[in-house]
Structure formats: structure tokens, C-alpha cells
Amino acid sequence: EPQLQERPAANLVFLVDVSGSMQSSDKLGLVKKSLRLLVNRMTAQDRIALAVYAGAAGTVLESTPGDEKAKILQAIDGLQAGGSTHGSAGIELAYALAELHKIEGGINRVLIASDGDMNVGTVDREALKNLIERKRSGGIALTTLGFGSGNYNYALMEQLADVGNGNAAYIDSMKEAQKVLVNEMQSTLMTIASDVTIQ
């Protein structure tokens, strides 16, 4: 794992599921607290954008320098759940935002936070995987962060992360959020090796 000061600039897009199923403290409530931890580690060289999806997809925060923490945290704090889920439109929007501010030689990554319940619209898994694979070859990776228990569809989130040269993590507490997004941030954000599978 590389040293923190060695981390290249990061261009991150948080894509947050704000559908009705996310309306609980262990889902959207925990997403907000978790993202705050990561934002607090960002610097002026980094960029953060925030997009949401439910019945439709939208941009909550255009790509913003990582040292403008008050602005970024205000956008995160304002997220509210309600509506049905249309995951594929959100993913397309998030990748478009990531491409707008792509950092050559840096970390370019979309991070999805969801309970995995993509249940509206044509969620053609193969089409979704193809899109993620195309973006990966263009230098934008995908990390999926699962929240909440119950109907959490971890299998789909894991498949998408595999295709997107990223990783899937399940966050059920602040302790886990601290582990994945802060302690392991280097390895969570950076792709150290490509085409390696550990079973």
C-alpha cells in the first residue's frame, strides 16, 4: 500500500442512491457520515462531484476542488431519500461528470453508495456491465459501497465493481466506513494491479 503523501490527485464522483428504500439511519444516514470521512482527507489537488439517482438522476454538486470542504459537506448534508430507483441513468451521469474533470495520471473513480436495489427502468445487467467496462478502459474505475441490510443486492454491486476494475465494500457501521474510506483509502482508491483475481 503506497504512502499517503504518494497518492496522486483524485477525481472522485460520489453517486448516491436516494430512493425510498434508502430512508433509514443505517442507509442514507450512514452514507452521509461515511462520505464526510473521505471528504476530510481530500486536498486542493483533488476534485469531488456528487450525483444522485432515484426516479431520475441529477447532479447535486458539480466537480469541486477538495479543499472547498464546507461546500462539499453542505451538498452531502442536504441529501434526502424518496422515490424509486433507476440505477443505470445515475451511472451514466456519474461517468459523464468524471470524464469532464479527468486527471491524467491521477485517480479517476466513480463511487456508488446504494442498498443495491436497482428496481426501476431497464436495468439490463449486460448493458450496464458493458458501459462500465468501456469506461474502465478509458481510465475511469468504479467502487461500489453497500449500505443497509434486508434487500441488499450485494451480488450485483460486486459484479459491477469487478467489471469496473474496482472493489465492493459493505459498510454497516462508522467503524467499517473508517476502515474502508480512511485507513484503507490508498488501496480503496488506487488500482495497484490490473487483471488480478483473489478468490
Side-chain angles (χ1 to χ4, degrees), residues 12-40 42 47-64 68-101 109-125 127-129 131-132 135 142-161 164 166 168-178 180-181:
L12 306 180
V13 178
F14 297 138
L15 175 61
V16 181
D17 179 352
V18 292
S19 57
S21 66
M22 289 289 286
Q23 241 168 354
S24 67
S25 57
D26 68 329
K27 292 186 182 180
L28 188 56
L30 188 55
V31 170
K32 291 180 180 184
K33 290 178 185 169
S34 302
L35 294 185
R36 290 183 78 94
L37 291 177
L38 185 54
V39 170
N40 287 331
M42 295 287 113
R47 300 197 68 90
I48 288 180
L50 181 62
V52 295
Y53 66 97
T59 305
V60 175
L61 178 73
E62 294 288 349
S63 189
T64 302
E68 293 183 27
K69 292 187 174 31
K71 184 178 177 184
I72 298 167
L73 293 174
Q74 188 179 7
I76 290 170
D77 289 343
L79 295 176
Q80 292 179 330
S84 49
T85 315
H86 189 353
S88 52
I91 290 172
E92 285 169 26
L93 171 65
Y95 275 119
L97 286 169
E99 273 170 357
L100 270 178
H101 294 278
R109 188 172 289 265
V110 170
L111 295 96
I112 300 180
S114 171
D115 60 2
D117 187 17
M118 297 185 184
N119 58 5
V120 166
T122 2
V123 185
D124 176 341
R125 290 191 182 197
L128 208 50
K129 286 181 186 175
L131 169 76
I132 291 165
K135 299 299 182 185
L142 176 75
T143 290
T144 58
L145 304 171
F147 290 82
S149 52
N151 64 354
Y152 182 61
N153 185 349
Y154 194 72
L156 174 60
M157 302 286 274
E158 204 165 23
Q159 284 170 13
L160 297 183
Y170 178 63
I171 297 178
D172 58 357
S173 64
M174 283 304 287
K175 187 178 172 190
E176 192 62 22
Q178 173 80 21
V180 172
L181 295 173

Problem set entry | Polar side-chain atom of Thr59 near backbone of Glu62 as donor-acceptor pair, under 3.5 Å |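 Side chain of Thr59 to backbone of Glu62: no pair is present.
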Looking at [X] and [Y], what are the two nearest heavy atoms and their distance?
X      : Y      : result
Asp115 : Ser21  : OD2-OG, 2.7 Å
Ser34  : Phe147 : OG-CE2, 3.7 Å
Tyr95  : Leu131 : CD1-CD2, 4.5 Å
Val31  : Ala113 : CG1-CB, 3.8 Å
Thr143 : Arg109 : OG1-NH1, 2.8 Å
Leu79  : Val60  : CD2-CG2, 4.1 Å

[X] side chain near [Y] side chain, heavy-atom distance below 4.5 Å:
X      : Y      : answer
Glu68  : Ile48  : no
Leu30  : Met174 : yes
Lys135 : Val110 : no
Ile76  : Leu61  : no
Leu160 : Lys129 : yes
Leu111 : Leu35  : no
Met42  : Ile72  : no
Val13  : His101 : no

What distance do [X] atom [atom1] and [Y] atom [atom2] have between them, rounded to the nearest 0.5 Å?
X     : Y      : atom1 : atom2 : result
Glu99 : Ser63  : CD    : OG    : 13.0 Å
Leu12 : Thr64  : CG    : OG1   : 12.0 Å
Leu38 : Gln178 : CG    : CD    : 11.0 Å
Arg47 : Leu97  : CZ    : CG    : 11.0 Å
Leu73 : Arg36  : CG    : CZ    : 4.5 Å
Asp26 : Asp172 : CG    : CG    : 9.0 Å

Exercise. Is it true that atom NZ of Lys69 has more than 12 heavy atoms of other residues, nucleotides or ligands lying nearer than 6.0 Å?
Worked result: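 Counting neighbours around NZ of Lys69, more than 12 heavy atoms of other residues, nucleotides or ligands fall under 6.0 Å, so yes.
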For this session: Kindly indicate, with the supporting measurements, whether the criterion side chain to side chain contact (heavy atoms under 4.5 Å, CB included) is fulfilled by Tyr53 and Ile112.
Result: CA-CA 10 Å; Tyr53 66 97; Ile112 300 180; 4.1 Å; yes
